[in-house]
Amino acid sequence: MVMDKTKSKYSKENYNLKPGDFNTERKPTWCSGCGNYGIWNSLKKTFVKLYLMPHEILIVYGIGCSGNGANFIKTYAFHALHGRALPVATGAKLANHKLNVMIIGGDGDGVGIGGNHFMHTCRRNINMTYLLHNNKVYGLTTGQTAPTSDKGFKTKSTPSGVLEKPVNPVLLALASGATYVARGFSGDTSHLSEVIRKAIKHKGFSFIDVLQPCVTFNKQNTYDFYREKIYKLDEIKSYDKSDLNEAIKRSMEEEKIPIGIFYQVERPLYEDGLKQIERKPLVDHIITDIDINRLLNNYY
Amino acid sequence: MVMDKTKSKYSKENYNLKPGDFNTERKPTWCSGCGNYGIWNSLKKTFVKLYLMPHEILIVYGIGCSGNGANFIKTYAFHALHGRALPVATGAKLANHKLNVMIIGGDGDGVGIGGNHFMHTCRRNINMTYLLHNNKVYGLTTGQTAPTSDKGFKTKSTPSGVLEKPVNPVLLALASGATYVARGFSGDTSHLSEVIRKAIKHKGFSFIDVLQPCVTFNKQNTYDFYREKIYKLDEIKSYDKSDLNEAIKRSMEEEKIPIGIFYQVERPLYEDGLKQIERKPLVDHIITDIDINRLLNNYY
Amino acid sequence: MKVSNLTWKIGGEAGFGILSTGKIFSKIFAKKGYSVIDNNEYSSLIRGGHNTYTIRISSNEIFSTNKDINILVALNEETIRLHQEEVTYGGYIVYDENDCNIGDFKKARKDINYVMVPFSKIISELGAPKVMVNNVSLGASVALINYDLEILKNVIKDIFGRKGSEIVNLNIKSSELGYKYIKKKLKINVYELEIVKPVSKMLVTGNDAVFLGAVRAGCKFYAAYPMTPSSILHLFASIEDDYNIVTKHAEDEMAVINMAIGASFVGARAMVATSGGGFSLMNEGISSAAMTETPIVIVLCQRPAPATGLPTWTEQGDMLFAVHSSHGEFLRVVIAPGDPEECFYLTGEAFNLADKYQIPVIIMLDKYLSESHFSYEKFDFKNITVDRGKLLSKSKDIDGEYRRYFNTDDGISPRVVAGIKGGIHIANSDEHDEDGYSEESAHNRKIMVDKRFRKIKKLIEEIPPPKIYGPIDAEITVWSWGSCKGPILEAMNILNQKEKKVNLIHFTYLYPFDSESIEGIIEESNKNVVVENNKTSQLAKIIMMNTGYKIKNKILKYSGRQFLPEEIISGIEKIE
Amino acid sequence: MKVSNLTWKIGGEAGFGILSTGKIFSKIFAKKGYSVIDNNEYSSLIRGGHNTYTIRISSNEIFSTNKDINILVALNEETIRLHQEEVTYGGYIVYDENDCNIGDFKKARKDINYVMVPFSKIISELGAPKVMVNNVSLGASVALINYDLEILKNVIKDIFGRKGSEIVNLNIKSSELGYKYIKKKLKINVYELEIVKPVSKMLVTGNDAVFLGAVRAGCKFYAAYPMTPSSILHLFASIEDDYNIVTKHAEDEMAVINMAIGASFVGARAMVATSGGGFSLMNEGISSAAMTETPIVIVLCQRPAPATGLPTWTEQGDMLFAVHSSHGEFLRVVIAPGDPEECFYLTGEAFNLADKYQIPVIIMLDKYLSESHFSYEKFDFKNITVDRGKLLSKSKDIDGEYRRYFNTDDGISPRVVAGIKGGIHIANSDEHDEDGYSEESAHNRKIMVDKRFRKIKKLIEEIPPPKIYGPIDAEITVWSWGSCKGPILEAMNILNQKEKKVNLIHFTYLYPFDSESIEGIIEESNKNVVVENNKTSQLAKIIMMNTGYKIKNKILKYSGRQFLPEEIISGIEKIE
Ligand SMILES: Cc1ncc(C[n+]2csc(CCOP(=O)(O)OP(=O)(O)O)c2C)c(N)n1
Ligand SMILES: Cc1ncc(C[n+]2csc(CCOP(=O)(O)OP(=O)(O)O)c2C)c(N)n1
Ligand code: SF4
Ligand code: SF4
Ligand SMILES: [Mg+2]
Ligand SMILES: [Mg+2]
């Protein structure tokens, strides 16, 4: 299958990177205790588990505290505009589908300003992995309401409390046609890194809603809050990941919060429908002397 | 309840308008046979049923064949930019919640370029009614693929067929939190006008996905196609409109296409949370000499 | 009457194939070596509006359509009402008495000829669908100028071929009937075109030419959201498999520009096209390309605006917006081709400039240029060559430690095809240091702004000055840009028939503006005049902004229609 | 030492309350009648960056902060490293030996005084949280200038009041300990401010002032998506109930501008605010306001760009973009206040202009102006009056048949509050006729473009010319705009102490540009110079574009930082 993301040329035998090898020269600037650290660590661990080399990966970042991660993870990185990481990733993946493309961004970025791209990217089913750092607040702009903030949540931009029903990213992904939909918790990095690993290995668009405490601006959705509410879908024997209706039902649970894989199915990739990239990625074509005679002849 | 839309000051006794009184001086320019005619007629009929006067209504239109309706329906009208009808309507409604505000637009307008507003407007639950003219194609730009076009649908912009799973507007509205979600068919105007009437009367954001054949650019989703597939939810005795899971299930049916009300519940309006408009609409405040002394004193 | 020039116009209700009919008529002449330029008018409605198609045919070189119509084919009464005054003295109106009461019209124009052809009767007797009146009118028109019916029949065959032989035959039959009707009715040939060398010519619009240029230049990723110039989207979509191009009709214009940036970042040449509203929405994306130094080509087709405006009409209202678009200060190139030929070659150039300087390049069209057909001998596509600038596509090209935004002398830092070993970096929309890390110091900010702007030096040397057409020592100099070129050249040729009166300075490169070279060509002794298809004379403004020189005379048109040569002539004649 | 001017700076790690500490220090002086201007610097990071807060205090009128620091409070070593060279001869650095090894620093600056205060020890002995070192430093600073500790204690009480008495007391206690430590250690008062009339002054930023002006002007709908100037959003949200204003944090900037247009359409005064990226996204919406003739006020706070750029720093890079923003040609007003006072009154004016001319009005700020505090005696809000222009809000105001876009002599058509009887119409983003129906004819297009542009006549008469500061007959004229005003006035006052050397022509209204009146004030005999916080001298460009006059001398700064008076002085001194 040409459509597979690059399997790393490396394997157990010739791979000797450690998670720390995915650190850049810059130290994270997140607040101490920030949930972003857990995600950062899970991610680096996962790369190692998959024997991936830094240059085999492209991560496209949104703007936000999460997006600042562009400076701290050593892979190819595109630090895109606020809300526009998904289309940048889409263009990059279609132009070179051998790259392992991931997207990292905040909840404001992803389902606030970027909501339209989210919906349309899900239904496209391109082979990429999207990590939504969901802290239910706008971190980088110092604490306004996010679209994922709970009803009644009080911030500088909604001092009397949010009036809207929150966006449920998992439900939205399911309703929009993503083929791998999961939730992780940055406070449980070993579970999270498994969820990420499976997402990267999934053939299709994989989405992970990562519950990420923001210790500075969200005093409600804390580590303790989540620890108390979370349960793991994988621990439910009867749970059928291929049942969309069941996944949707679970996604709407609020009292207890499921983490793990809600839904996973195979559907033809968007890339599978593109004959023009069957043989090789677009970027591998030589363009120095393209013959357009045949086209010109259409104009007579 | 101040939050109610204006009940027309008119009633059976003193109301004497006919649907034709909602015609403007311009004749519709839609193709003959276009599904827009059915919606147009249903709408005018509904206004009469509700004893509404033209000036009591504001319709905000998107850009598209459907949006051209701005020229043919006599009410206050704002012919907004492509994809931006919902926010214009939101601003108008919040500034004067006594107005009956409706939104009319195409599927490209509503769930293509305007998809983000759609999602966020649904979760807001503002007391307005949105009619999506869903012809599963871009009409006004002469027939490109719409986000609602079926997989495999061939158009000028996707000559080898659409590769994406279509957006399901009903499912999306349900997943986003709309409190009244229905589907109508422009080929059944009496059913449609009932659905519209109930939508306008609904206290909350009401959304109607109207199946609208485009006789010129969509040879697939024709009147006959729909007539064969459609069934009415209201004819299913056991159907419980307040059951979200059931509504979601039904919304995903493809073999047979349900029309009617999928879901209807009451949830507090966005407007209910706004103390500042409890007494009267924003626009009714006199602004000629606002005393800001109290505010200035905060700066010492 | 033998003529070297002939203008034909057809009008009728929208939805009845006026546009394809016109195109057939253009084709039959281009095929045989005539010069052809056409222009169509239609509304932003699917049915119900009024459509026209105007074609100028000539045995000489021509540059635009003109005002005086020789033959007007009226498929409805409205066409006569709206256009009969455009018919030249002694010209012809072809109509069907079934559609209109001709009496009153005739009173108004005693100087022209009214030729009745029973379009609908012919069609109904033939049992053909109503839309085939078009073919009757084509046949009749061919007869009126004693042209070769076979050529028409061949073109019809070509075009309707895939609809099956029954359709083709009905089409051909109806054209024959129109032809015969005229031949029988009129004993003389009313017009006859002078003979030309029968070298078949291509017939291309600005959109076609941009598309062709882009394919030749190796554009591998094209994204768009339907909007003028949407035919570029359709063209790319139709050949994407054959030419290994991904064409993406995306969800909105923000997606469009950002997808293209993503594709370009990993090394594919990428282009997008839109008109005003979409371009407005792309502004933020353009600034992202600028900051990350990702090459990108953006086609901006101008329509009368603001807002939705007149979406199927033409204007040149967006120049200053394009030149100053997007927040922050950054280098870009803005190009405005004057005709489809320039569209072709300059699109090739646009990709090179984008790659070499790692900047956004904007190609400005307008609806008139985008959708009017011009005839040409075959474009020499070898003249478009590919220069990708400092692009490292292999690991081994990287020499030592790689720094994406290395502060080079010319401001251009070597770029890598993302994904190769050794080239890891951050393409960063934040201000960044040479490695791409976010960096906020005053010191670094200044270095990076200077680095990015320093590219202008080489760039300005490389981009050609405006072209001068006509006599050097003219009395009046017209300054203009983009698609006004054609009508001005026509006007100039007419005005200069007696004396060397007028020349034209035509800008295809609008930005960066080479003040020095422009100052050098300003002749203050001349009468200078700008001709622009807008209200606020944007070229005059940008000239003044960069040279201080104020061009006081202005011929402006902002009715949503392009210039006709006659209007420019009368404008020039009024200059004191 | 008695001084009339004193500059104090505090620096430390982000996340440790530097910004609120600085604000307290500003307040204690403004409260007692001193002139205060401050300025803060921080990164686009929540923790980990370096923050500073600089305050200039004076017993006279002042216009900006300046370079020379009298007292530097270093809450970490980095502060000393980065800023000790800014300390003036004889100045003071207050530090904690716990944070840094002072030895090497001392060697570099033998001309200044290093005062050790054991911040953390004091705090830990008190058992207070670490962030309270701020208060220790405030107390120490008050002692250093022999200011009244009670005032500081009162302000602390005010600010921390709602956090409960325990917190308040700890805060006060820690400031007292800082105060006492200094008083005990230093026998002399190192600085002492001259006494001023104790009239309490307000302390407002540009953001505060725009907010206050908007509330006074009757703004009833405010929408924003979080982005600089986000404090305006927070301010509106905090008072929306009391002042009957709907404040909406919307899903994106397209929603923001279109919601505001909707609110304005039905009759509410509406405003939005954003910075570059958001403004780019709003472009299409602005053109919709223009075409539908819906009044709207847009605040554009400039930051270093393109793209995400330096989101917490300052620049004046967006002027030409604002003036030419959005597709198509249309009238707008662009205003750039020079200080918070102008922000206040001009915001009032912006709403009137938007209503009277039914156009978009853009107010340009920059991060420096948005977030720096200036002290003023109370704004006289009665000076903001409300003029809604031709707005018909009652059915009975409508006289005969209503035509929304009636082609009046002045181009301004009476507007109705949507919803009243008799005023039904289409506000149409398509080109339209007088009733608002979509209309594509050439004739109508021209009428409507002319109608909308005709408003400029009255508008240009009404907007004031740039203000001239300083002697009329100066040798050097500085041209500038927006927030550069303050540092230039400071520089001017210093330069003019000996001779009448410099004056300033300051633009607050940038567009429409009254070429005639500007040409009238250009003195070619003068040495003219622009001072701008950007790379490409945009004011010089717009002056040249409209008058042809080229200002050759340029003092430009584009490091993401605002000007200091000293830099302008040295720039001016270099002019030949
Ligand atoms: C167009 C645009 N609007 C607004 C902003 C300002 N902005 C930067 S980050 C951000 C939101 C951050 O929230 P989120 O996406 O949830 O990320 P987090 O910081 O919480 O990780 C905003 C609004 C921007 N950069 N661009
Ligand atoms: C920003 C922007 N992009 C593109 C367009 C062009 N455009 C006009 S209508 C339309 C789509 C029409 O499709 P739909 O919304 O489904 O309406 P329909 O015509 O089918 O009723 C498009 C893309 C536009 N007006 N503005
Ligand atoms: S503000 Fe919140 S999300 Fe941002 S770095 Fe701090 S804890 Fe993390
Ligand atoms: S193109 Fe389709 S949607 Fe548009 S008017 Fe014609 S039939 Fe209706
Ligand atoms: Mg967040
Ligand atoms: Mg549609």
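We name chains A, B, ... by the order of the sequence lines, and we start the count at 1 in each one.
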| A/Asn293 and C/Lys378: side chain donor to acceptor below 3.5 Å |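 C/Lys378 and A/Asn293 do have a side-chain donor-acceptor pair below 3.5 Å.
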| request: Using only heavy-atom distances, determine whether the side chains of A/Tyr299 and C/Lys27 contain a donor-acceptor pair under 3.5 Å. | output: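 Note: A/Tyr299 and C/Lys27 side chains miss the donor-acceptor criterion.
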Where on [X] is there a heavy atom nearer than 4.5 Å to chain A: the side chain, the backbone, both, or neither?
| X | answer |
| --- | --- |
| C/Val256 | neither |
| C/Phe351 | neither |
| C/Lys31 | side chain |
| C/Ala223 | neither |
| C/Ile420 | both |
| C/Thr294 | side chain |
| C/Ile239 | side chain |

Top contributor to chain A interface from [options] [non-hydrogen pairs under 4.5 Å]:
| options | result |
| --- | --- |
| C/Ala268, C/Gly267, C/Ala255, C/Ser264 | C/Ala255 |
| C/Thr292, C/Asn258, C/Val215 | C/Asn258 |
| C/Ala250, C/Gly436, C/Ser200, C/Ala270 | C/Ser200 |
| C/Asp252, C/Val417, C/Val155, C/Val204 | C/Asp252 |
| C/Leu212, C/Asp387, C/Asp435 | C/Leu212 |
| C/Asp242, C/Val386, C/Thr385 | C/Val386 |

Engaged part of [X] at the chain C interface, taking heavy atoms whose separation is under 4.5 Å:
| X | result |
| --- | --- |
| A/Tyr270 | side chain |
| A/Ile57 | neither |
| A/Ala89 | neither |
| A/His285 | side chain |
| A/Thr75 | backbone |

Find the distance between [atom1] ([X]) and [atom2] ([Y]) and round it off to the nearest 0.5 Å.
| X | Y | atom1 | atom2 | result |
| --- | --- | --- | --- | --- |
| C/Asn244 | A/Ile287 | CG | CD1 | 12.0 Å |
| A/Asn68 | C/Asp430 | CG | CG | 6.5 Å |
| A/Gln276 | C/Glu240 | CD | CD | 4.5 Å |
| C/Ile426 | A/Ile73 | CD1 | CD1 | 10.0 Å |
| A/Leu295 | C/Leu235 | CG | CG | 9.0 Å |
| A/Leu81 | C/Met291 | CG | CE | 10.5 Å |

So do [Y] and [X] actually touch side chain to side chain, heavy atoms under 4.5 Å?
| X | Y | value |
| --- | --- | --- |
| C/Glu251 | A/Arg124 | yes |
| C/His432 | A/His79 | no |
| C/Met254 | A/Asn116 | no |
| A/Leu58 | C/Phe265 | yes |

| query | Judged by atom type as modelled, is there a donor-acceptor pair below 3.5 Å linking the side chain of A/Thr90 to the main-chain atoms of C/Met259? | reply |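 No; judged by distance alone, with no hydrogens or angles, the pair does not exist.
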| Can any side-chain N or O of A/Tyr61 pair as donor or acceptor with the backbone N or O of C/Asn428 at less than 3.5 Å? |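 No: the side chain of A/Tyr61 does not pair with the backbone of C/Asn428.
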Taking [atom1] in [X] as the centre, count heavy atoms belonging to other residues, nucleotides or ligands within less than 6.0 Å. Is the count above 12?
| X | atom1 | answer |
| --- | --- | --- |
| A/Lys45 | NZ | yes |
| A/Lys74 | NZ | no |
| A/Lys49 | NZ | yes |
| C/Lys356 | NZ | yes |

Do you know which two heavy atoms are closest between [X] and [Y], and how far apart they sit?
| X | Y | answer |
| --- | --- | --- |
| A/Leu296 | C/Met202 | CD2-CE, 3.7 Å |
| C/Val266 | A/Ala95 | CG2-CB, 3.5 Å |
| A/Leu99 | C/Ala418 | CD1-O, 4.1 Å |
| A/Ile277 | C/Val246 | CG2-CG2, 4.1 Å |
| A/Glu25 | C/Tyr437 | N-OH, 3.3 Å |
| C/Ile424 | A/Pro54 | CD1-CB, 3.2 Å |

Identify which of [options] forms the greatest number of heavy-atom pairs closer than 4.5 Å to chain C.
| options | value |
| --- | --- |
| A/Tyr300, A/Tyr76, A/Phe78 | A/Tyr76 |
| A/Asn96, A/Thr24, A/Asp284 | A/Thr24 |
| A/Ile63, A/Ile59, A/Asn71 | A/Asn71 |

| Can you check side chain to side chain contact (heavy atoms under 4.5 Å, CB included) on C/Glu284 and A/Arg84, steps first, answer last? | CA-CA 10 Å; C/Glu284 204 202 5; A/Arg84 312 300 164 198; 4.2 Å; yes
| message | Check this for me, if you would: do C/Arg216 and A/Asp289 make a salt bridge, where the nitrogen-to-carboxylate-oxygen distance has to be below 4.0 angstrom? | response |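 Looking at A/Asp289 together with C/Arg216, the answer is yes, because their closest N to O distance falls below 4.0 Å.
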| said: Between the side chains of A/Arg26 and C/Asp433, is the shortest nitrogen-to-carboxylate-oxygen separation below 4.0 Å, so that they form an ion pair? | reply: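 A salt bridge is present here (some side-chain N lies under 4.0 Å from a carboxylate O).
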| said: Show, in sequence, the C-alpha distance, side-chain angles and deciding distance for A/Asp291 and C/Lys382, and conclude whether the salt bridge (Lys or Arg N to Asp or Glu O under 4.0 Å) test is met. | reply: CA-CA 9 Å; A/Asp291 188 339; C/Lys382 295 274 175 190; over 6 Å; no
